[in-house]
Enquirer: 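Here's a structure for you.
A note on names: the letters A, B, ... follow the listed sequences, proteins ahead of strands, and every chain is numbered from 1.
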Amino acid sequence: MENALYIYNSLSRCKQPFKPLNAPHVGMYVCGPTVYGDAHLGHARPAISFDLVFRYLKHLGYKVRYVRNITDVGHLEHDADEGEDKIAKKARLENLEPMEVAQYYTNRYHAAMDKLNVLRPSIEPHASGHIIEQIAMVQKILDQGYAYVENGSVYFDIEKYNKEHPYGILSGRNFEEMLNTTRQLSGQEEKHNPVDFALWKKAEPKHIMRWPSPWSDGFPGWHMECSAMGCKYLGETFDIHGGGMDLMFPHHESEIAQSVAANGKQPVVYWMHNNMITIGGQKMGKSLGNFITLDEFFNGSHLNAKGEEMIAQPYSPMTIRFFILQAHYRSTLDFSNEALQAAEKGYNRLMEAVKAAKSLKATDGAQPLDIQKIVDACYDAMNDDFNSPIVIANLFEAVRIVNTVKDGKAQINAEELALLNKLFQDFVFDILGLVESNASEGSGALIDGLMQTIIDIRKQARANKDWATSDKIRDELAKLHITLKDGKEGTSWVVD
RNA sequence: GGUACCUUGCCCGAGUGGUUAGGGAUCGGUCUGCAAAACCGGGGACGGCGGUUCGAAUCCGCCAGGUACCUCCA
């Protein structure tokens, strides 16, 4: 399958034509969530960005195996709580089984992603379910001589590795430099070199998540799961590996080192990294404590540390999705109510037109409106490193045409009308993954019926030129945050 | 301190060596009993200073401001 898709590769720092190793099959691995807390807006970014990649590759006809892990073994905490991992800590604090915590947040993650219409990956492996694979890979690295055992823990020997393979090719740093800039953390006396990282860590007695291994009862190091599971399901070298930019170092860098050490080859052809979502120009992150969970966006309330309300109104999942897609995945995206409200309005306008396009009437022999040009522009945009903002800009061009035809100011022939509807189907629904219903949860048949009665009464009043009654109905409803919209085909209503 | 990146109109956000991004807001118009909604249209920009070039917002240099990574983070 020949196409013109270009992907920006973080490894080469440039856009490269996409050539899968085993077309039409494509292997893609994306770092998933650590399930010890609710997903926030930052988690939505990679999920949606790589959902876009997944959808577009499938649209192009590739058979994609998309692997996104669930990290339920936790990463080590480094501050005061020496060597305890995040899941275990949360479990201990809440007096739960660690797997109970992981399951709870995994369920909630899935629920939030479903709302955002993020497709489930082909395989969603759990780190805890692949301890054996991780131990095997650690052993392989030991056998190759790139790791050492110290007091039951296994560490990766970066100095040794760096002599044969440059360490730092992804993040652009070099070994000597790192020696000078790495902070000395306590509890790292076992390491031969402060930049070395753990492949296997011996568990302290209080540590509740532990597995037997040739070296100690313990748990795998921070980066093992992705290497082991990526290799298991996608092979020693696979096409695409994605994740947040903040994972580039040390996580992805270490993945490369581990895989090269174990298998002697680069694990990934195309490294893709989404940029961060910022809030007030600063990264939204768990450690910074400035994150807003997705449920809080959906419900419309979040108090910051100072007790200030940060969210002016509830935002539907599709508003969030559209907001994220309106920026390119490699740019930072700043959260603000103003930006979100603008996204909401734009999204509604797009969907209104998509709906209207379905009932447009074709006119025989109408002058061409060059819909094909818009279609081509959308493909060009996607082929240029998944440029969803340009796709959306072009879709609004189509929106303008729909509205012009709807207003009777232009005609469209049957062929182009079909093309227009296909454009919306392909790009709005299949590729961008937007869905139509943006309405907040069901108003129900009862309210619908009541509203219809009220609207009918007002319609009668207006027919009688009884403006007092008609305006009273409109004003009283407005006080209840119900807006009446008088259109050519009658009156509709919306709660805001 | 090291490395990388960013700075676009009122706001958000694309992009390009010469030609309209787009959305929101605003303004004008259509529609309306009036309004709202909806739709159409217009205006408005590339941090500062130099340089390369016929021509730069786009390339190069310097300056200013900002961010990310260097510690778990999407």
Side-chain angles (χ1 to χ4, degrees), chain A residues 13 30-34 36-37 39-50 71 74-79 85-86 168 171-174 176-178 180-183 185 195 222 242-251 253 273-278 281-288 291 322-323 326-328 330-350 352-353 356 377 381 384 387-397 399-400 402-404 406-407 409 462 465-467 470-471 474-475 478 483-488 491-494:
Chain A
R13 289 154 207 275
V30 174
C31 291
T34 303
Y36 70 108
H40 59 74
L41 187 59
H43 291 97
R45 189 95 193 258
I48 289 172
S49 297
F50 292 105
T71 298
H75 291 305
L76 292 174
E77 294 253 3
H78 276 280
D79 34 33
D85 82 34
K86 286 178 172 172
S171 56
R173 39 199 101 208
N174 64 63
E176 289 74 23
E177 213 170 71
M178 285 173 50
N180 302 325
T181 58
T182 299
R183 272 202 249 170
L185 299 164
V195 297
W222 329 335
M245 255 177 197
D246 49 353
L247 296 178
M248 218 149 118
F249 189 91
H251 185 56
E253 198 69 74
H273 292 93
N274 64 275
N275 215 318
M276 302 292 104
I277 287 192
T278 59
Q282 198 182 28
K283 173 182 165 182
M284 183 181 283
K286 207 151 252 174
S287 50
L288 294 167
F291 65 93
F322 189 77
F323 172 66
Q326 250 188 330
H328 187 254
R330 283 191 289 113
S331 301
T332 56
L333 172 60
D334 200 50
F335 153 81
S336 71
N337 280 290
E338 229 183 341
L340 236 30
Q341 284 158 356
E344 180 177 56
K345 288 184 182 173
Y347 167 76
N348 287 336
R349 195 158 96 85
L350 173 63
E352 286 297 319
D384 185 13
N387 200 323
S388 55
I390 296 286
V391 171
I392 290 171
N394 281 290
L395 288 173
F396 275 108
E397 190 64 25
V399 166
R400 221 196 67 246
V402 169
N403 289 327
T404 308
K406 191 176 134 199
D407 283 4
K409 288 173 186 157
R462 294 179 74 203
K465 297 196 191 300
D466 179 4
W467 310 128
S470 137
D471 288 352
R474 186 213 288 160
D475 297 343
T483 304
L484 293 181
K485 298 180 177 181
D486 294 327
K488 283 197 181 102
T491 302
S492 60
W493 60 281
V494 65

Enquirer: Could you please spell out the steps behind the side-chain contact (heavy atoms from CB on, under 4.5 Å) verdict for A:Arg173 and A:Phe249?
Expert: CA-CA 9 Å; A:Arg173 39 199 101 208; A:Phe249 189 91; 3.6 Å; yes

Enquirer: What's the gap between B:G13 and B:C70 when it is taken at their P atoms, as a whole Å value?
Expert: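 Those two atoms are separated by 24 Å.
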
Enquirer: Indicate yes or no for a side-chain donor-acceptor contact from A:Gln326 to the backbone of A:Pro389 under 3.5 Å, with no hydrogens or angles considered.
Expert: no

Enquirer: Is there a side-chain contact between A:Trp493 and A:Thr483, using heavy atoms and a 4.5 Å cut-off?
Expert: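 No - every pair of side-chain heavy atoms lies 4.5 Å or more apart.
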
Enquirer: Taking any strand in view, what nucleotide pairs with B:C46 in a Watson-Crick or G-U wobble way, both distances under 3.5 Å?
Expert: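 Pairing partner: none.
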
Enquirer: With stacking defined as ring centroids separated by under 5.5 Å and planes differing by under 30°, is A:Trp467 stacked against B:G33?
Expert: yes

Enquirer: Does A:Asn275 use its side chain to pair, donor to acceptor, with the backbone of A:Arg330 at less than 3.5 Å?
Expert: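 The answer is yes, because a donor-acceptor pair under 3.5 Å joins these two groups.
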
Enquirer: Suppose you measure atom C1' in B:G24 against the same atom in B:U19; what distance do you get, rounded to whole Å?
Expert: 26 Å

Enquirer: Report yes if a donor N or O on one partner sits less than 3.5 Å from an acceptor N or O on the other, where the partners are the side chain of A:Lys283 and the base of B:C73; otherwise report no.
Expert: yes

Enquirer: Which listed nucleotide (B:C72, B:G13, B:C73) is nearest to the side chain of A:His43?
Expert: B:C73

Enquirer: For B:G33, which nucleotide is its Watson-Crick or G-U wobble mate, given both distances must be under 3.5 Å?
Expert: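 Check on B:G33: unpaired, no WC or wobble geometry under 3.5 Å.
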
Enquirer: Grab the CZ-C1' distance between A:Phe322 and B:C12 for me, whole Å please.
Expert: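 So the two atoms are 12 Å apart, to the nearest Å.
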
Enquirer: Taking the P atom of each, how far is B:A25 from B:U67, in whole Å?
Expert: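 Taking atom P in both B:A25 and B:U67, they lie 30 Å apart.
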
Enquirer: What interatomic distance, in whole Å, is found between P of B:A4 and the corresponding atom of B:G22?
Expert: 36 Å

Enquirer: Counting side-chain heavy atoms from C-beta on, which of B:C70, B:G13, B:A25 comes nearest to A:Asp334?
Expert: B:G13

Enquirer: Base, sugar-phosphate alone, or nothing: which one does A:Met245 contact when heavy atoms must sit under 4.0 Å apart?
Expert: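 Nothing: the residue A:Met245, judged by heavy atoms under 4.0 Å, touches no strand.
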
Enquirer: Answer with base, sugar-phosphate or nothing: what part of the nucleic acid does A:Leu350 contact at a heavy-atom distance below 4.0 Å?
Expert: nothing

Enquirer: Counting Watson-Crick and G-U wobble pairs only, both distances under 3.5 Å, name the nucleotide matched with B:U7, or none.
Expert: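 Partner of B:U7: B:A64.
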
Enquirer: Establish, yes or no, whether the cationic atom of A:Lys286 lies under 6.0 Å from the six-membered ring centre of A:Tyr36 and within 45° of the ring axis.
Expert: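 Yes - A:Lys286 lies over the ring of A:Tyr36, closer than 6.0 Å to its centre and within 45° of its axis.
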
Enquirer: For B:C46 and B:G33, measure between their C1' atoms and round to the nearest Å.
Expert: 47 Å

Enquirer: Give A:Lys465 one of three labels, base, sugar-phosphate or nothing, depending on what nucleic acid heavy atoms sit under 4.0 Å from its own.
Expert: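 A:Lys465: no heavy atom of the nucleic acid under 4.0 Å.
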
Enquirer: With both distances under 3.5 angstrom, what nucleotide forms a Watson-Crick or G-U wobble pair with B:C27?
Expert: B:G41

Enquirer: Measure from CD on A:Gln282 to P on B:C73 and round the result to the nearest Å.
Expert: 18 Å

Enquirer: Confirm from the modelled atom types if A:Asp466 and B:G33 form a donor-acceptor pair under 3.5 Å, side chain to base only.
Expert: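 Absent.
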
Enquirer: Choose from B:A36, B:U71, B:G13 the nucleotide whose nearest atom is closest to any side-chain atom of A:Pro250.
Expert: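 Selected nucleotide: B:U71.
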
Enquirer: Do A:Ser388 and A:His328 touch side chain to side chain, with heavy atoms closer than 4.5 Å?
Expert: no

Enquirer: For the pair made of CD in A:Glu253 and P in B:U3, what is the distance, rounded to whole Å?
Expert: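 Rounded to the whole Å, the gap is 16 Å.
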
Enquirer: Please give, in whole Å, the distance from B:A38 P to A:Glu352 CD?
Expert: 9 Å

Enquirer: Pick the C1' atom in B:G15 and in B:A21, then give their distance to the nearest Å.
Expert: 7 Å

Enquirer: Quick test: give all pairs of protein nitrogen or oxygen and nucleotides 4-11 of chain B nitrogen or oxygen below 3.5 Å, distance rounded to 0.1 Å.
Expert:
| residue | atom | partner | partner atom | Å |
| --- | --- | --- | --- | --- |
| B:C11 | O2' | A:Glu338 | OE1 | 3.4 |

Enquirer: Can you tell me how far C1' of B:A37 sits from CG of A:Asp486, to the nearest Å?
Expert: 8 Å

Enquirer: Got a donor-acceptor contact below 3.5 angstrom from the A:Asn403 side chain to the A:Val399 backbone?
Expert: yes

Enquirer: When rounded to the nearest 0.5 angstrom, what is the spacing between OG in A:Ser287 and CG in A:Asp246?
Expert: 9.0 Å

Enquirer: Quick one: which protein N/O atoms are closer than 3.5 Å to N/O atoms of nucleotides 15-21 of chain B? Pair and distance per line, please.
Expert:
| residue | atom | partner | partner atom | Å |
| --- | --- | --- | --- | --- |
| B:G15 | OP1 | A:Asn387 | ND2 | 3.2 |

Enquirer: Between B:C62 and B:C5, how far apart are the two P atoms, rounded to whole Å?
Expert: 14 Å

Enquirer: Report, one pair per line, the protein and nucleotides 40-44 of chain B atoms (nitrogen or oxygen only) whose separation is under 3.5 Å.
Expert:
| residue | atom | partner | partner atom | Å |
| --- | --- | --- | --- | --- |
| B:C40 | OP2 | A:Arg349 | NH1 | 3.3 |
| B:G41 | OP1 | A:Arg400 | NE | 3.2 |

Enquirer: Write down the partner of B:A57 under the Watson-Crick or G-U wobble criteria, each distance required to be under 3.5 Å.
Expert: none

Enquirer: Please report the distance separating the C1' of B:G17 from the corresponding atom of B:G55, rounded so that it comes out in whole Å.
Expert: 8 Å

Enquirer: Mark yes or no for whether A:Asn274, through its side chain, and A:Arg45, through its backbone, hold a donor-acceptor pair below 3.5 Å.
Expert: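 Answer holds: no.
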
Enquirer: Check the pair A:Thr278 / A:Phe335 against side-chain contact (heavy atoms from CB on, under 4.5 Å), numbers first and verdict last.
Expert: CA-CA 6 Å; A:Thr278 59; A:Phe335 153 81; over 6 Å; no

Enquirer: Using side-chain contact (heavy atoms from CB on, under 4.5 Å), reason through A:Phe291 and A:His43 one step at a time and then give a plain yes or no.
Expert: CA-CA 10 Å; A:Phe291 65 93; A:His43 291 97; over 6 Å; no

Enquirer: Treating A:Thr404 as the side-chain partner and A:Arg400 as the backbone partner, does any N or O pair qualify as donor plus acceptor under 3.5 Å?
Expert: yes

Enquirer: Roughly how many Å is it from CE in A:Met248 to C1' in B:C72, rounded to a whole number?
Expert: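 For the pair A:Met248 CE and B:C72 C1', the rounded distance is 18 Å.
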
Enquirer: Rounded to the nearest Å, what distance is computed from the CD1 atom of residue A:Ile277 to the P atom of nucleotide B:C12?
Expert: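 A:Ile277 atom CD1 is separated from B:C12 atom P by 15 Å.
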
Enquirer: At 4.0 Å (heavy atoms only), tell me whether A:His40 reaches a base, stays on the sugar-phosphate, or touches nothing.
Expert: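 Base, at least one base heavy atom under 4.0 Å.
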
Enquirer: Distance alone, cut at 3.5 Å: any donor-acceptor contact between the side chains of A:Thr491 and A:Asp486?
Expert: yes

Enquirer: Roughly how far, to the nearest 0.5 Å, is SG of A:Cys31 from NE2 of A:His273?
Expert: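 SG of A:Cys31 is found 7.5 Å from NE2 of A:His273.
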
Enquirer: Among B:U32, B:C73, B:C70, which is the nearest nucleotide to the side chain of A:Asp246?
Expert: B:C73

Enquirer: Examine A:Arg349 relative to A:Phe396 and say whether NZ or CZ is less than 6.0 Å from the centre of the six-membered ring and inside a 45° cone about the ring axis.
Expert: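 That pair does not qualify as a cation-pi contact.
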
Enquirer: When the distance from CD1 of A:Ile392 to C1' of B:C12 is rounded to whole Å, what number comes out?
Expert: 12 Å

